[in-house]
Amino acid sequence: MPEAQLSNDGKAPFPPRFQRPGWLSTALFALFLGFFLWSLAGAGMSIRELVNGLPNIATIAGEMFPPSTDRAGPIMAAILVTFQMALVGTVIGVILSIPMALLAGRNTSPHPLVRHVARSIISFLRTVPDLAWALFFVVSVGLGPFAGTLTIIVDTIGFCGRFFAEAMEEVDPGPSEALDSIGTSPLDRIAVVQIPGALPSMINTSLFSLEKAVRSSVVLGLVGAGGIGAELAASMEMFRYDQAAYIILMIFILVYAVEHLSSRLRERLMHQSQ
Amino acid sequence: MTSLASPLLQQPVFSEPSTVSSLQVQGLTKRFQGTTAPVFRNVCFNIYKGQSVALIGANGAGKSTLLRCCVRLIEPDEGNILLSGETLSSKRGRELKRARNRVGFVFQKHCLVPRLSALTNVLHGNLAHRSGPRNWSQCWARQADRDRALHYLDLVGLADLWHKRCDQLSGGQAQRVAIARALMQEPSILFADEPTASLDPKSGQVIMELFARLSRAQNLTLFFVSHHVDHALHYADRIIGLRDSELQLDAASGTENTVSLRGFYA
């Protein structure tokens with residue numbers, strides 16, 4: 001235990017400002033620092049290459065302005081498809097997440113074995129990256145937005161399934177006990193206690209999921225799963241940086257609009273009652 | 001509709017003892033795992049229809065556990081429970097649920113669903129008898145059930161606040177909604193586990209007065225746990241007391257006084 005120092009008047013002792021870390025903390029910190037320095041080399045961090053690349057960055061950035069609107073029509077159509085993929089994928093994904101979450105929740109699952117299996121499926125869907133799912137679905141159902149939508153559905157189940165289950169587990173058990181005491185069925189208790197109790201968190205998660213899906217659907221196009229990503233890849237490959245700038249600007253407006261609308265919607269829904 | 005919530009501060013009129021038993025508890029014993037001493041042992045009492053009975057005892061005496069054991073929300077280790085003459089101890093699954101739906105329960109904390117309106121929370125009392133979406137929300141409920149729910153809200157003096165979310169109600173109002181929910185169930189016996197513990201003295205008195213009036217008006221059997229000796233003396237026909245794991249008191253409230261009952265909290 002660290003020694004307490006005496007205050008200036010020599011009367012009341014007061015505690016030291018800092019405590020000496022234990023040997024285990026010091027060793028772990030040294031280990032982390034060593035690994036981080038090694039990772040800098042592994043990640044290819046190079047100041048020299050960055051400096052050498054600065055003229056290229058300036059050239060490309062210069063060619064991006066002013067953004068070109070000569071393909072505005074097809075680009076806007078692709079932006080719309082991107083949003084439609086995200087919306088349909090998220091809505092279907094959220095709907096499918098609810099039964100998955102009920103099976104995975106500690107206080108809603110019918111059996112521990114069912115809970116374990118449901119949690120494992122949700123973890124698997126979440127841990128496989130969306131690009132890997134997109135490649136899988138492109139091969140399975142062909143190029144186009146359907147593959148992207150399937151990817152978003154699977155990604156949403158992985159994301160929402162986990163958070164919905166946790167939200168239901170955190171609901172105050174009091175109302176559930178009150179209804180249990182009068183002999184209500186488990187389905188009734190889930191419908192009137194668990195889901196309304198978890199609803200604020202579920203709405204939040206669903207709207208975050210929509211924002212995430214919009215961002216993700218932009219990237220999915222790069223592997224042929226439909227949407228604006230394919231247009232962006234084509235513009236970059238044809239060195240049409242001015243067109244790429246227009247696409248990036250449209251993507252920014254889409255993502256910003258979805259985030260803004262979702263936060264407004266979240267506020268409205270939070271204050272409604274039945 | 002006439003509200004029974006006011007005037008509130010009148011002397012309750014105790015009912016004449018009935019001979020029909022509402023709740024019979026025979027030799028009830030409960031031990032929790034990892035403890036040698038039982039919470040209570042060999043507890044026997046009989047509550048008659050229309051009677052109002054207070055259960056008193058110090059913290060940790062096992063009052064709430066006893067109340068929960070009476071409907072097997074906590075399983076007793078030994079003993080027998082008869083609810084309106086029907087043995088509860090041997091029932092399982094749906095039979096047990098069916099038996100429980102005649103018992104209204106009001107908890108220390110109101111245990112309402114916070115985001116839902118007062119009317120929807122009252123409607124949930126109907127789930128004791130009828131399952132399904134029409135009793136999940138007042139939006140989809142049958143008109144007759146909505147009318148009944150509103151009637152019980154009126155009985156507890158809150159018909160005007162039917163649309164309010166329960167997390168926007170005061171503690172006393174929320175407890176009254178919980179009572180309305182229990183009444184919606186049309187129970188034959190109403191259990192209340194320290195219903196005034198989280199309320200200020202005035203709100204607590206209002207709630208107890210409400211219990212006494214409803215119990216009289218609807219010939220409802222009332223079994224409540226209280227830390228307030230005054231409430232036990234004033235609102236119960238009979239008082240039973242737990243001390244040292246045993247039922248050491250079972251007497252008409254008129255024969256007891258504040259000083260004698262304070263011994264249960266020593």
Side-chain angles (χ1 to χ4, degrees), chain A residues 94-95 98-99 101-102 105-112 114 163-207 265-274, chain B residues 67-68 70-74 91 93-121 123-133 135-141 163-168 178 181-182 184-187 191 193:
Chain A
V94 163
I95 291 168
I98 295 171
L102 290 172
R106 205 184 326 108
N107 50 355
T108 51
S109 183
H111 193 274
V114 175
F163 288 107
F164 286 5
E166 284 177 4
M168 288 184 209
E169 285 173 0
E170 284 164 12
V171 170
D172 174 17
S176 195
E177 191 193 4
L179 291 177
D180 194 29
S181 73
I182 63 172
T184 53
S185 72
L187 182 67
D188 287 331
R189 283 203 297 283
I190 286 169
V192 305
V193 178
Q194 243 69 39
I195 290 182
L199 203 60
S201 176
M202 285 167 73
I203 290 170
N204 253 336
T205 306
S206 303
L207 291 172
L265 196 64
R266 200 176 293 142
E267 279 170 22
R268 272 183 75 90
L269 290 171
M270 292 294 168
H271 294 99
Q272 280 181 359
S273 69
Q274 282 191 337
Chain B
L67 210 65
R68 280 166 170 75
C70 289
V71 278
R72 289 181 52 205
L73 282 175
I74 297 175
K91 293 193 187 301
R94 285 189 180 185
E95 272 195 326
L96 178 62
K97 282 181 181 171
R98 211 168 297 134
R100 274 182 189 163
N101 65 29
R102 282 176 275 133
V103 182
F105 219 117
V106 176
F107 293 84
Q108 184 177 338
K109 286 178 188 162
H110 48 76
C111 294
L112 301 170
V113 185
R115 282 180 52 78
L116 301 183
S117 69
L119 190 62
T120 292
N121 268 287
L123 187 80
H124 289 166
N126 226 19
L127 289 168
H129 305 286
R130 262 190 244 123
S131 182
N135 290 308
W136 291 352
S137 166
Q138 63 91 14
C139 307
W140 316 313
H163 58 284
K164 276 265 190 188
R165 275 170 56 148
C166 286
D167 52 5
Q168 292 168 355
R181 178 178 63 185
M184 182 74 187
Q185 199 188 326
E186 295 185 336
F191 286 18
D193 185 8

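So that the names make sense, note that chain A is the first sequence line, chain B the second, and so on, each numbered from 1.
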Contact class of B:Arg72 relative to chain A, heavy atoms under 4.5 angstrom: neither
Portion of A:Asp172 that has a non-hydrogen atom of chain B nearer than 4.5 angstrom: neither
side-chain hydrogen bond (donor to acceptor under 3.5 Å, both in side chains) involving B:Asn135 - partner list, sequence neighbours excluded: B:Asn126
Results of ring-ring contact (aromatic ring centres under 6.0 Å, His included) for A:Phe164 - residues two or more places apart only: none
Engaged part of B:Leu112 at the chain A interface, taking heavy atoms whose separation is under 4.5 Å: backbone
Under 4.5 Å from any heavy atom of chain A - which part of B:Arg98: neither
A:Ser181 (side chain) donor-acceptor with A:Ala178 (main chain) under 3.5 angstrom: yes
Winner by heavy-atom pair count (cut-off under 4.5 Å) against chain A, out of B:Lys97, B:Arg94, B:Arg68: B:Lys97
Presence of salt bridge, B:Arg100 and B:Glu95, under 4.0 angstrom: no
Expected output: side-chain B:His124 to main-chain A:Leu179 donor-acceptor under 3.5 Å: no
Per-residue contact mode, B:Val103 against chain A (heavy atom under 4.5 angstrom): backbone
Donor-acceptor side-chain pairing of A:Asp188 and A:Ser185 below 3.5 angstrom: yes
Residue part contacting chain B, namely of A:Leu187, when any heavy atom lies under 4.5 Å: both
